[in-house]
A.B. asks: 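My questions will all concern the structure given below.
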2 protein chains.
Amino acid sequence: MKKAVTIRDIAREAGVSSATVSRFLNRTGYVDQQTGARISEVVERFHYRPSRIAQSLKTKMSRNLVLVVPDIQNPFYSSMADKIQNLLLREGYTVTLFDSGADFQRELTCLGLAESIGADGILFASVWARQTILNELAKIGVPVVMINSYGACPFDSVHGVRSQSTYLATRHLIELGHREIAFAGGTPETAIAQSRKNGYLKAMKEAGLPVRQEYVFEMGFDSESGRKCGTYFSALTQLPTAICCANDLIALGVLQTLLERGFRVPQDVSLTGVDNIEYSDLCSPTLTSVINDSGEFARLAVSALLERLRGSYEGEPREFLIPRRLVKRASTAQPQRKERQE
Amino acid sequence: MKKAVTIRDIAREAGVSSATVSRFLNRTGYVDQQTGARISEVVERFHYRPSRIAQSLKTKMSRNLVLVVPDIQNPFYSSMADKIQNLLLREGYTVTLFDSGADFQRELTCLGLAESIGADGILFASVWARQTILNELAKIGVPVVMINSYGACPFDSVHGVRSQSTYLATRHLIELGHREIAFAGGTPETAIAQSRKNGYLKAMKEAGLPVRQEYVFEMGFDSESGRKCGTYFSALTQLPTAICCANDLIALGVLQTLLERGFRVPQDVSLTGVDNIEYSDLCSPTLTSVINDSGEFARLAVSALLERLRGSYEGEPREFLIPRRLVKRASTAQPQRKERQE
DNA sequence: TACAGATGCGAAAACGGTTACACAGAAGTA
DNA sequence: TACTTCTGTGTAACCGTTTTCGCATCTGTA
């Protein structure tokens, strides 16, 4: 039902052996000009394409890599996925993309799949980079690059400077004069949520500002969570003057909810996000954010993986840090409401 | 360097033949309780996973499908991709995702790749569904479902009702009282851009409204194009009172540019998009749009493809039409400026 | 002339599974 | 009892490549 034409068909038609065809196609070993031309012609005429599957079986190289992301609908990841795919395609690799839904079990499932489809390597943006996961990865035995999974691991990894994003955002808010700064966090217990929260806490602590229990709200990393978050904060008797969000999607959700409720941004409350996704510059007010350069993530992750695949680097696990930079936009301003009276 | 443990290792260890192991693993043919348990144990102990590659070679089924989209960063497609992937994973299929960048040559490249990796089927959101492409698809010889590629084709296809989206949007604007309605189109010459433009033209014609040359601007389907578009329109001596955009990304770009230039939306100009992406409800003013249910696209496309794969449907190509629905939001209102004086 | 190396090619053995076929014993049935 | 059918298993061929040998020629050089 599928392909009918094999290398042997080509060989027969061209009057040579399949070995010669193979050698010609892969430019490995000698083959006569004439013969080559003949093969070439037959290949063309038969619309022959060698079966990657058979090749993989023989060479134990599938030239297929697996990329696992927690949420392909998050623009940071879709943009990164896009760039990774382009970079790898150029090197002759295809990419099988899995969306783990930020779920621990599904992350494991994805790894199982990665193993059975015979991926040559794995790019893993894991939010649950626990021991179980790391063990599983080790068992598979192919090169791995961890993306955005904070925490020690025996693989190459690329991520932003730990806690820097929310730290920068919170510092910015503090410098503007805010004292009542809330935090809208991501999926609790994940390393990345932890890291983002720590950045906020660190900045607050450094400034000698207290962190009020009710000013920390943690849900998920999507805009829906942001909405819930916005609902929660706007229901407080005392609205914070600023909210530092763990990423832009959350911030957008918060932003919308606040506007719906009649609050003004940034007059009533300032807002910051992280990732600098396209939409943080398309909403209004535009969103102050922290650049998380998905292209840079892609480039570093891919080049690290390629080096491992080629064997051009075989040393200790490397850690690639990507510096962030704050982008001030319209959603942050000096606090205009009176400080709350105690 | 990669996997070492094969089915024969398991067989030897369990004291049976590889045939029995295979039968047990695939629940095909009889195998004794005891024997099964023994195999199971060995499989576990050796952390054995059958090689999908070898399986594919033998069965001529890779259980891998290819999905080609024009722009994975477009939320409509990333959302659709996500849903498609989930649906197919449940059926035991993995999906390899390609981003064609809405480029004709790359669409061809993707098909070539799909063929060589031995995809069992193809879900193809093609913007260039021309004869060359259709021929190539036919040559591959696996089931194909075309997504959003208007125009006759010999494969199952799923798309919105032709021209309906922008037609609904334009009608809405007309009903609000607009007469000077501009159109911000997508990549010219693509079938989908054509279709969207036709919807606009049709509504205008029906209402007896003239379409002014300078009120039609066509670029691409992304927000950057939208920005260019916004710049263009705002430079006109006479701004239209409404702009119908070919999708939400364009609309968001237009929206931002207009706001930057000091125009008010919808007071100075009303704006509509298509797709109803998440962000059309997160920006402000929220964007009037036309629902393009990516989940419905995913479901229909997947079920059509599965039927073909299983052979449970083998008849003529089917065309699945997905109806749209307008979502009125804050970006559209009655025109408030005086009609232009001629 | 003789020999080493380069060139061109084919036979056949893998790679790791699936499956058609064969066979034997157990169970059911007439 | 004699037959069929059902169970349970092994042998071996095969899927479409790559690749190791080995064997010819051909070329250049001493």
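In what follows, every chain begins at residue 1, and chains take the letters A, B, ... in the order their sequences are listed. Hydrogens, waters and symmetry mates are skipped; everything else that's a heavy atom, side chains included, is used.
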A.B. asks: For the CG atom of A:L88 and the CG atom of A:L306, what is their distance to the nearest 0.5 Å?
C.D. replies: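 Reported value, rounded in 0.5 Å steps: 6.0 Å.
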A.B. asks: Ignoring hydrogens and angles, are the base of C:dG16 and the side chain of B:R52 linked by a donor-acceptor pair under 3.5 Å?
C.D. replies: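 Checked by distance alone, the answer is no.
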A.B. asks: OP1 or OP2 of D:dG10 less than 4.0 angstrom from a side-chain nitrogen or oxygen of B:S17, does that happen here?
C.D. replies: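 B:S17 to D:dG10 OP1/OP2: side-chain N or O found under 4.0 Å.
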A.B. asks: Taking for each residue the nucleotide of DNA chain D with the nearest heavy atom, is it A:V21 or B:R23 whose nucleotide lies nearer the 5' end?
C.D. replies: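 Looking at DNA chain D, the more 5' nearest nucleotide goes with B:R23.
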A.B. asks: Classify the side chain of A:R8 versus the base of D:dT17 as yes if they form a donor-acceptor pair under 3.5 Å and no if they do not.
C.D. replies: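 In this structure, the two groups form a donor-acceptor pair.
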A.B. asks: Report the distance from atom CE of A:M61 to atom P of D:dT19, rounded to the nearest whole Å.
C.D. replies: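 About 11 Å, once rounded to whole Å.
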A.B. asks: Quick check: does any side chain N or O of A:S126 sit under 3.5 Å from a backbone N or O of A:A129, one acting as donor and the other as acceptor?
C.D. replies: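 Yes; judged by distance alone, with no hydrogens or angles, the pair exists.
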A.B. asks: Hey, does B:S22 reach any base, or is it just sugar-phosphate, or nothing, if we go heavy atoms under 4.0 Å?
C.D. replies: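 Here B:S22 touches the bases of the nucleic acid.
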A.B. asks: So, B:D82 and A:Q73: side-chain donor and acceptor under 3.5 Å apart, yes or no?
C.D. replies: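 A pair is found: one side chain offers a donor N or O, the other an acceptor, under 3.5 Å apart.
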A.B. asks: Nearest whole angstrom, please: distance from the C1' of C:dA6 to the CG of A:D32.
C.D. replies: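 The distance from CG of A:D32 to C1' of C:dA6 comes to 14 Å, rounded to the nearest Å.
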A.B. asks: Between atom CD in A:Q34 and atom P in C:dC9, what is the gap in whole Å?
C.D. replies: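 The answer, rounded to whole Å, is 10 Å.
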A.B. asks: Within the distance-only criterion (no hydrogens, no angle test), does the side chain of A:S40 pair as donor or acceptor with the backbone N or O of A:R38 below 3.5 angstrom?
C.D. replies: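 No; judged by distance alone, with no hydrogens or angles, the pair does not exist.
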A.B. asks: Would you kindly compare B:V16 and B:A54 by the position of their nearest DNA chain D nucleotide and give the one closer to the 5′ end?
C.D. replies: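 This one resolves to B:V16.
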A.B. asks: Compute both the distance and the angle, then confirm whether B:R318 meets the cation-pi test with B:Y313: under 6.0 Å from the six-membered ring centre, within 45 degrees of the axis.
C.D. replies: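 Checked: cation-pi criterion met.
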A.B. asks: Given atom CD of B:Q33 and atom P of C:dA26, what is their separation to the nearest angstrom?
C.D. replies: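 Taking CD of B:Q33 and P of C:dA26, I get 18 Å after rounding.
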A.B. asks: Distance check: side-chain N/O of B:T59 vs OP1/OP2 of C:dT18, anything under 4.0 Å?
C.D. replies: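 For C:dT18, OP1/OP2 do not have a side-chain N/O of B:T59 under 4.0 Å.
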A.B. asks: Both A:T35 and B:S18 contact DNA chain C. Taking the nearest nucleotide for each, which residue is further toward the 5' end?
C.D. replies: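 Closest to the 5' end, via its nearest nucleotide, is A:T35.
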A.B. asks: Counting just side-chain N and O atoms, does B:Y30 come under 4.0 Å of either OP1 or OP2 of D:dG10?
C.D. replies: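 It does not, given that no N or O in the side chain of B:Y30 lies less than 4.0 Å from OP1 or OP2 of D:dG10.
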A.B. asks: How close or far is atom P of D:dA13 from atom CG of B:L57, stated in whole angstroms?
C.D. replies: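 For the pair B:L57 CG and D:dA13 P, the rounded distance is 17 Å.
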A.B. asks: What is the distance from CD1 of A:I7 to P of C:dC9, rounded to the nearest Å?
C.D. replies: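 Computing the A:I7:CD1 to C:dC9:P distance gives 14 Å.
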A.B. asks: Output the single nucleotide from C:dG17, D:dT9, D:dT17 whose closest atom is nearest the side chain of B:T6.
C.D. replies: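 When the side chain of B:T6 is considered, C:dG17 is the closest of C:dG17, D:dT9, D:dT17.
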A.B. asks: Taking the side chain of B:K58 as its heavy atoms from C-beta onward, which of C:dC15, C:dG17, D:dT17 lies nearest to it?
C.D. replies: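 Minimum distance to the B:K58 side chain belongs to C:dG17.
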A.B. asks: With DNA chain C as reference, determine whether A:R38 or B:N26 sits nearer its 5' end, using the nearest nucleotide of each.
C.D. replies: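 First, find each residue's nearest nucleotide; the 5'-ward one identifies A:R38.
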A.B. asks: Mind checking B:G15 for me? I need base, sugar-phosphate or nothing, with any heavy atom below 4.0 Å counting as a touch.
C.D. replies: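 Sugar-phosphate: the residue B:G15, judged by heavy atoms under 4.0 Å, touches backbone atoms but no base.
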A.B. asks: If you check the B:A19 side chain, which of C:dT18, D:dT17, D:dG10 turns out closest?
C.D. replies: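 Of the candidates, D:dG10 comes closest.
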A.B. asks: Does OP1 or OP2 of C:dG16 have a side-chain N or O of A:K60 closer than 4.0 Å?
C.D. replies: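 Yes, within the criterion.
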A.B. asks: Mind checking whether A:F297 and A:F320 have ring centres under 6.0 Å apart?
C.D. replies: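 Between A:F297 and A:F320, the centre distance exceeds or equals 6.0 Å.
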A.B. asks: What is the distance, to the nearest angstrom, from the CD atom on B:Q55 to the C1' atom on D:dC14?
C.D. replies: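 After rounding, the reported distance stands at 16 Å.
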A.B. asks: Without decimals, in angstroms, what is the distance between B:R63 CZ and C:dT18 P?
C.D. replies: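 Atom-to-atom, B:R63 to C:dT18, this comes out as 12 Å.
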